[in-house]
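Below: one structure, written as structure tokens.
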Amino acid sequence: PYVTQVTANAPGPFVAASDYLKVLPDSIDRWLPRGVQVLGTDGFGRSESRATLRDFFEVDARFIALGTLNALMRDKQLQPEAVEQAIKDLEIDPEKPDPAIS
């Protein structure tokens, strides 16, 4: 597939964020050279605006940055302390309920 060709030598983690279902970016995962960190809304109707939707479902810029840092940590390219610091700096509540089940 074309996506395999263009990502074959791509460095770093793959992170996909969508205002739609996670299944959309997940659908190309098997053709990537390594796994992808997927962020998606898996629903609508719970928010009065796109910004609120992205915050609720954790797909705004803060969560994309955190997802990327988390993927780098899993690949042993970053220390866990850097991810913990990002959570504080980005003002992300680690106790926030999972939006997929709340």
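We use all heavy atoms of the structure for the numbers below, so side chains are in, but hydrogens, waters and symmetry mates are not.
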(message) Check for me, please, whether Leu21 and Ile28 land in the same ILVMFWY cluster - side-chain distances under 4.5 Å, paths through other members count.
(response) no

(message) Just checking Asp93: does its CG atom have more than 12 heavy atoms from other residues, nucleotides or ligands closer to it than 6.0 angstrom?
(response) yes

(request) Find the distance between CZ (Phe57) and OG1 (Thr52) and round it off to the nearest 0.5 Å. (result) 11.5 Å

(message) Quick check on side-chain contact (heavy atoms from CB on, under 4.5 Å): which of Thr68, Val38, Val36 does Phe14 satisfy it with?
(response) Val36

(message) So, taking the atom named CG in Asn70 and the one named CZ in Phe63, what distance separates them when rounded to the nearest 0.5 Å?
(response) 12.5 Å

(request) Sort and list the pairs that fulfil side chain to side chain donor-acceptor pair (under 3.5 Å) and have at least one residue in residues 22-34, not counting sequence neighbours. (result) none

(request) Indicate the atoms forming the closest heavy-atom contact of Pro94 with Ile87, along with that distance. (result) CD-CG2, 4.1 Å

(request) Can you tell me which residue pairs pass the salt bridge (Lys or Arg N to Asp or Glu O under 4.0 Å) test with a partner in residues 57-81, sequence neighbours excluded? (result) Asp55-Arg62, Glu58-Lys96, Asp60-Arg62

(request) Count the heavy atoms of every other residue, nucleotide or ligand shown that sit under 6.0 Å from CD of Gln85, and state whether that count exceeds 12. (result) yes

(message) For Arg54, run the side-chain contact (heavy atoms from CB on, under 4.5 Å) check against Leu39, Thr41, Ile64, Asp19 and tell me which one passes.
(response) Asp19

(message) Just verifying a value: how many Å separate Leu78 CG and Leu69 CG, rounded to the nearest 0.5 Å?
(response) 6.0 Å

(request) Would you indicate whether the side-chain heavy atoms of Val3 and Leu32 approach each other to under 4.5 Å? (result) yes

